[in-house]
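Following: one structure in structure tokens, then a few remarks.
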Number of protein chains: 2
Amino acid sequence: MEAGRQRQGRLWSNLKEVCDLLHIPAAVSMNTEELLFQHVQFKTGQRVHTIGQAFDTLYIVNSGFLKTVLIDEFGNEQVLSFPMKGDMLGVDGIHTRHYASEAVALSDCDLILVPFKKLTALGRVHAELENLMYGVMSRELVREQAMIGMLGALSAEARVARFLISLAERFAAMGYSSKLFNLRMTRHEIGSYLGLTLETVSRTLSAFNEIGLITVDQRTIGIKDPEALKTLRRLPPSRSRAKQNAKHKAEADSAGDGQVLATA
Amino acid sequence: MEAGRQRQGRLWSNLKEVCDLLHIPAAVSMNTEELLFQHVQFKTGQRVHTIGQAFDTLYIVNSGFLKTVLIDEFGNEQVLSFPMKGDMLGVDGIHTRHYASEAVALSDCDLILVPFKKLTALGRVHAELENLMYGVMSRELVREQAMIGMLGALSAEARVARFLISLAERFAAMGYSSKLFNLRMTRHEIGSYLGLTLETVSRTLSAFNEIGLITVDQRTIGIKDPEALKTLRRLPPSRSRAKQNAKHKAEADSAGDGQVLATA
DNA sequence: CGCGAGATTGACTCGGGTCAATAGTAGTGG
DNA sequence: CCACTACTATTGACCCGAGTCAATCTCGCG
């Protein structure tokens with residue numbers, strides 16, 4: 001459970017492999033066989049880095065699933081992201097030279113160590129490297145902007161729907177099935193990530209299941225209607241309330257088409 | 001109203017001035033008198049850049065106030081930030097080479113143009129420059145993380161309170177009064193930024209005013225009790241310790257000190 | 001001066017948080 | 001192997017914070 005790391009792994013990656021992992025066009029034609037980055041393994045539950053810890057290295061996820069969290073003054077966790085293969089960790093430590101968030105392995109993980117000093121030293125020799133870093137950081141910035149937009153503007157159902165779609169797309173990009181996958185995080189963590197309670201997450205998943213958008217069995221999710229999930233804003237009234245709304249329901253139904261989403 | 005720019009300004013800044021503006025230790029001792037960056041003026045309401053526009057330059061705010069916004073599929077604005085003196089604009093364009101957000105001047109502004117190509121070219125000569133950029137981008141990343149945390153976890157009152165404190169601190173850092181200042185944005189823009197409606201913002205400000213935390217007169221805000229604003233928290237004290245709190249709830253309620261915030 | 005954008009305030013509604021009970025699942029050790 | 005425990009998920013009942021709708025009010029500006 002310590003923030004330290006265990007070094008039984010003997011794996012190393014060269015620069016090109018790292019660039020490929022980041023989905024960055026490795027226009028680097030240099031011979032990089034001598035430039036190796038060490039891998040490190042973390043077991044489920046282990047912390048990669050903690051808040052306030054001195055920053056010196058970036059991490060790139062080679063395999064496994066993690067979460068990054070902020071801890072507020074009362075010890076409550078706020079999940080910021082769920083990094084997986086190809087994502088970079090630790091960037092928030094550059095500014096103050098101390099990590100601003102905590103990263104925890106949600107499964108056994110294999111990470112690539114990128115000592116920040118080594119990176120900047122490399123940048124001095126290979127100028128295209130800094131563009132690579134700018135790109136990664138800018139991408140992360142855009143991702144967080146989208147997150148802010150979502151938290152600021154979307155309903156609970158829309159957040160959960162987008163979360164599922166986002167997961168599906170990331171799994172697809174990693175070569176896994178985008179139709180059937182396992183959540184690596186608890187309802188509580190999803191709720192924290194989406195600014196909702198775990199009950200709301202659970203209820204929303206159940207509602208999606210009832211309507212046939214997805215199938216849910218604990219952490220196993222099947223995506224049945226990705227298009228509906230993508231464009232979903234609000235859910236139609238549930239069956240329990242339907243009776244009470246019966247009077248107004250007719251006009252509402254006639255006005256609206258059979259669409260799942262009530263576009264505004 | 002076009003995204004273009006008017007070039008009547010003849011002002012230029014050298015690298016050191018730029019670094020100072022960014023609050024970055026300009027450890028650069030090089031002679032930079034020949035390295036000049038042009039200023040550009042924007043009038044209230046003008047767009048600095050729009051979403052999707054080809055990216056080629058970063059902007060540093062020398063004076064004035066702006067907002068950056070995302071536009072969703074229905075044309076709704078989501079305010080992302082309120083840049084002011086010393087802030088950098090356009091970083092989100094690096095990744096895709098197209099700006100991901102739109103920047104609008106809320107007052108007459110003076111911006112410094114930093115052509116991205118020029119910056120990377122400079123980085124090749126002066127390695128410390130890239131650290132500067134990493135720092136700026138990392139800082140922005142951390143700021144957005146804090147924003148996500150706020151949107152995900154805080155009540156409306158706490159968000160407004162933190163917004164005011166944040167503004168006060170930024171004004172102080174710029175040499176203005178942190179006790180009395182003018183908002184440059186509408187209630188609607190504040191609401192969008194904080195994930196609230198304009199009515200809630202207005203009501204919350206009125207409530208703070210009634211309680212004596214601040215004074216409000218349209219866009220003129222006076223900060224009366226910054227400490228109370230800073231410690232104004234969300235309503236539920238905890239989620240993980242809910243059970244224990246239940247027992248002590250009675251005494252906590254009866255002990256109800258003069259604190260402004262109803263902690264439970 | 002009057003117009004229109006912005007701000008304030010009230011009344012009402014409802015989405016989603018809170019509390020609570022139950023059940024499924026995983027790990028542990030006898 | 002099964003019981004025991006702790007964690008996770010589901011579901012229901014209730015309710016409150018904040019959104020919605022709407023009626024003024026204010027102020028800056030042409």
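When reading the values below, keep in mind they use all heavy atoms of this one structure, side chains included, and skip hydrogens, waters and symmetry mates. Every chain is numbered from 1, with letters handed out A, B, ... down the list of sequences.
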Open item on the list: Do the side chains of A/Arg143 and A/Asp87 get close enough for a salt bridge, i.e. N-O under 4.0 angstrom?
Closed with: no
Open item on the list: Does A/Val201 reach a base, just sugar-phosphate, or nothing at all? Heavy atoms under 4.0 Å.
Closed with: nothing
Open item on the list: Base, sugar-phosphate or nothing for B/Gly195? Non-hydrogen atoms, less than 4.0 Å.
Closed with: sugar-phosphate
For [N], does OP1 or OP2 lie under 4.0 Å from any side-chain N or O of [X]?
X        : N      : result
B/Ser206 : C/dT8  : no
B/Thr197 : D/dG19 : yes
B/Thr200 : D/dA18 : no

Side chains of [X] and [Y]: is there a donor and an acceptor less than 3.5 Å apart?
X        : Y        : value
B/Thr68  : B/Ser81  : yes
A/Asp92  : B/Gln145 : yes
A/Asp110 : A/Ser63  : no

Task: Any donor-acceptor N/O pair under 3.5 Å between C/dT18 base and A/Arg203 side chain - done: yes
- [ ] Kindly indicate whether the side chain of B/Gln218 and the base of D/dC27 share any N or O donor-acceptor pair separated by less than 3.5 Å?
- [x] no
Open item on the list: The side chain of A/Leu196 is closest to which nucleotide in this list: C/dA7, D/dA9, C/dG17?
Closed with: C/dG17
Spacing of [X] atom [atom1] relative to [N] atom [atom2], expressed in whole Å:
X        : N      : atom1 : atom2 : result
B/Glu157 : D/dG17 : CD    : P     : 8 Å
B/Leu154 : D/dG17 : CG    : P     : 16 Å
B/Glu199 : C/dA7  : CD    : C1'   : 10 Å
B/Leu183 : C/dG6  : CG    : P     : 14 Å
B/Glu77  : C/dG6  : CD    : P     : 11 Å
A/Glu189 : D/dC7  : CD    : C1'   : 12 Å
A/Arg219 : C/dG24 : CZ    : P     : 17 Å
A/Arg184 : D/dA9  : CZ    : P     : 14 Å

Task: Donor-acceptor pair, side chain of B/Arg184 and main chain of B/Asn182, under 3.5 angstrom - done: yes
